[in-house]
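For reference, the structure is listed below as structure tokens.
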Amino acid sequence: MNGPKSENVYRDLFEQSPIGLMIFDRQGKIIEANDSSLRFLRAGREKIIGLSYSNLKDTRVSTLIGKGLQGEASDYEGPYNTTVSGLLLQVRIRVNPLFDDFGIFGVTLIFEDLTERKKTEEKLAVTLSDIRVAQVALEEHEVKFKTLFESAGEAIFLMDDKIFLECNPKTEEMFGCKREDIIGASPVDFSPEIQPDGAPSSQKAFQKIQAAFAGKPQTFDWLHCRKDRTNFDAEVTLTSVTLNGKALLQAIVRDISERKKAEEEIRQLNEDLEQKVILRTEQLKATNTYLENTNRDLLLALDELKSTQAQLVQSEKMAVLGQLIAGIAHEVNTPLGAIISSNEGIQSVFRQDWEKLLCEFADLDIQEREAWKKIFTKGSIFPDFYDSSEERKNRKIIRETLQNLGFPSSEFLSENLAELGIRVEDIPDLVRDIHKDKFPTLVANAYNLSGILRYSNVVREAASKAARVIRALKTYVYQDHTGISLIDIREQMDLVLTLYYNKVKQGVEIRRDFADNSLVKGQADQLTQVWANLINNAFQAISYQGRLDLESHIKDDYLIVSVTDDGPGVPKEIQDRIFEPFFTTKEKGEGSGLGLDICRKIVERHQGKIDFDSVPGRTTFRVHLPLAEKILI
């Protein structure tokens with residue numbers, strides 16, 4: 001070191017540093033700790049000196065020191081549990097191994113209390129009187145302090161009010177130049193002309209230097225430039241020190257380019273999230289308007305059904321509809337209830353302090369964001385509905401697992417995780433590296449924000465189900481009679497089954513096996529009536545308890561559609577008459593005897609034919625229709 005001449009220079013730097021500094025020997029015991037570190041830990045020197053790294057309460061820090069004793073430098077920023085005072089602090093730590101001619105003789109620990117930065121800044125200037133009392137006894141450690149200065153992970157300068165007098169090797173690396181390029185240069189020589197806030201670098205540097213000389217330690221962000229004139233963001237700490245009776249400044253420079261980049265990414269993420277919330281809010285408003293209109297249309301449709309039911313049941317087509325009115329109303333009211341309930345859930349999210357939810361999200365670190373993302377993604381999926389006993393069992397297992405992992409017991413936390421679809425096997429991966437006190441807030445935040453998507457999915461599914469029922473109903477009642485169109489038999493079958501769903505969902509097993517090409521040309525309303533009659537007859541034959549097979553396959557140029565039930569069958573003595581007009585085996589008032597006759601005439605108009613075979617336990621009606629590309633009507 002060619003600057004100020006004193007064998008105690010490095011000792012003075014060590015003791016007067018505003019950053020906490022410690023030295024561990026080869027066995028991992030603390031042999032030196034400056035005053036800043038003692039203030040930081042809220043502990044006396046007698047409690048710290050001699051303490052082994054293996055006895056530290058916080059295993060994250062003890063692990064770093066263990067790595068340092070193996071020759072590995074490492075950094076850590078985050079929560080830290082102190083051993084002596086039992087405090088929980090937010091810290092920034094760097095561990096560096098110390099080398100001499102014989103290898104590693106210890107490690108240095110450099111740390112900063114981020115939670116008490118302002119207080120730390122006010123206490124950085126320490127008088128030299130008490131330090132000099134112990135100076136004689138500590139002279140033998142001077143070489144260690146020099147090693148600390150030279151191996152520090154941050155750039156360290158000594159300067160007067162104009163130029164640099166000394167620097168450590170990290171400075172050469174950070175600024176991309178040699179020591180001789182730095183010594184004798186001014187801070188302005190390594191700064192752009194203008195700082196990001198628009199102030200001239202020379203003017204702003206002068207103000208900071210004068211304030212530090214006046215006894216006011218300065219910590220500030222600064223835009224530096226390397227020898228090649230490329231810029232980088234830095235955090236600078238200026239502290240007045242006295243060396244050989246002369247007032248100088250110690251400057252510690254930390255490259256924060258990555259931190260700035262991360263802060264910008266977080267800012268952009270927050271802006272994106274706010275935009276998504278605004279967009280989702282607008283979409284929900286549009287959905288609410290759509291739902292209100294849909295609900296009004298549904299109510300009008302139901303009123304119209306009730307007012308016209310008396311006339312419609314007189315025809316063969318409307319007789320089927322009359323039997324299904326109650327079931328259709330149930331199928332409509334059920335999704336309406338889900339829509340109303342889910343809409344209230346969405347409204348409740350926005351009645352809360354959603355800005356607070358965004359602020360909580362912004363405070364999450366990288367590991368917490370990853371856990372939040374997994375929980376949010378799980379919670380955004382359309383939920384699986386299972387019975388209450390299974391739900392209670394899953395919630396109990398989650399609660400016990402969290403307690404075993406040391407997380408606070410919370411019925412509300414386990415209930416949230418269960419409702420989000422989290423399984424017990426997901427828990428270890430979610431809580432890894434997450435602070436136990438932070439996890440409930442993280443889960444609640446993801447639960448509330450993902451609730452918008454969960455409720456929206458329920459609304460979508462319920463509205464879709466109601467729309468399918470109404471669409472099937474309207475298609476069946478008001479189909480276009482104007483002309484020929486391309487018809488997918490599979491879709492028509494689904495339409496008819498939708499109308500029957502409520503009556504058969506508990507007692508009928510339905511198997512469908514359709515050819516990939518199930519397209520014909522014809523009049524949709526007429527062919528729908530064919531399938532409705534055949535399926536209705538089959539359901540009545542099995543008394544809505546049994547099995548129904550719906551199939552289609554291609555033979556030559558025809559599509560053959562089959563409707564098969566496992567009922568008692570058509571008695572052999574009447575099989576020749578079932579296509580006759582007004583012939584029926586049903587009770588009076590249940591049918592006119594025109595259904596199968598109408599079906600036969602419709603199929604024949606489509607250049608096809610209908611036949612059947614029946615034995616006890618199996619009755620199959622087959623409709624033969626020309627494939628779409630061959631038909632000529």
Side-chain angles (χ1 to χ4, degrees), residues 57-60 78-79 81 86 88 280 334-354 356-361 363-462 465 505-506:
K57 182 187 297 182
D58 197 310
T59 58
R60 289 170 293 201
N81 290 289
L88 176 63
R280 180 61 65 182
T334 299
L336 280 178
I339 290 170
I340 293 170
S341 175
S342 297
N343 186 54
E344 177 59 25
I346 293 171
Q347 295 287 339
S348 69
V349 174
F350 287 97
R351 282 197 294 268
Q352 299 178 25
D353 187 0
W354 63 270
K356 178 175 176 289
L357 296 177
L358 296 181
C359 292
E360 288 176 350
F361 176 83
D363 289 337
L364 301 178
D365 61 27
I366 295 175
Q367 291 87 356
E368 292 167 346
R369 281 174 185 268
E370 287 299 316
W372 183 96
K373 182 178 179 182
K374 294 175 182 177
I375 296 172
F376 181 91
T377 301
K378 277 269 190 180
S380 302
I381 299 172
F382 188 78
D384 292 327
F385 296 103
Y386 39 80
D387 60 42
S388 58
S389 61
E390 182 181 355
E391 193 174 22
R392 288 194 300 271
K393 180 180 178 182
N394 188 48
R395 185 165 59 244
K396 179 181 178 182
I397 295 174
I398 290 176
R399 182 173 62 251
E400 292 173 351
T401 301
L402 289 173
Q403 291 175 345
N404 292 337
L405 291 174
F407 283 80
S409 175
S410 172
E411 181 67 22
F412 185 73
L413 175 60
S414 59
E415 183 174 347
N416 277 355
L417 290 171
E419 289 186 14
L420 285 167
I422 302 299
R423 295 290 183 176
V424 67
E425 56 266 25
D426 301 326
I427 298 298
D429 184 55
L430 289 178
V431 303
R432 187 181 298 113
D433 299 328
I434 304 300
H435 195 274
K436 293 179 175 59
D437 293 334
K438 194 74 172 287
F439 189 65
T441 301
L442 183 151
V443 172
N445 184 281
Y447 176 86
N448 284 319
L449 287 178
S450 65
I452 298 173
L453 287 178
R454 282 198 310 281
Y455 289 128
S456 178
N457 285 334
V458 173
V459 167
R460 182 191 64 213
E461 292 297 321
K465 181 177 180 181
K505 61 183 179 181
Q506 298 297 334

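Everything numeric here is computed off the predicted structure, so don't read it as measured data.
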Residues which pass side chain to side chain contact (heavy atoms under 4.5 Å, CB included) with Lys373, listed by chain and number, not counting sequence neighbours: Thr377
Spacing of Leu364 atom CG and Glu370 atom CD [to the nearest 0.5 Å]: 11.0 Å
Sequence-distant partners of Arg369, salt bridge (Lys or Arg N to Asp or Glu O under 4.0 Å), two or more places apart: none
Pro79 to Asp58 - nearest heavy-atom pair and separation: O-OD2, 3.9 Å
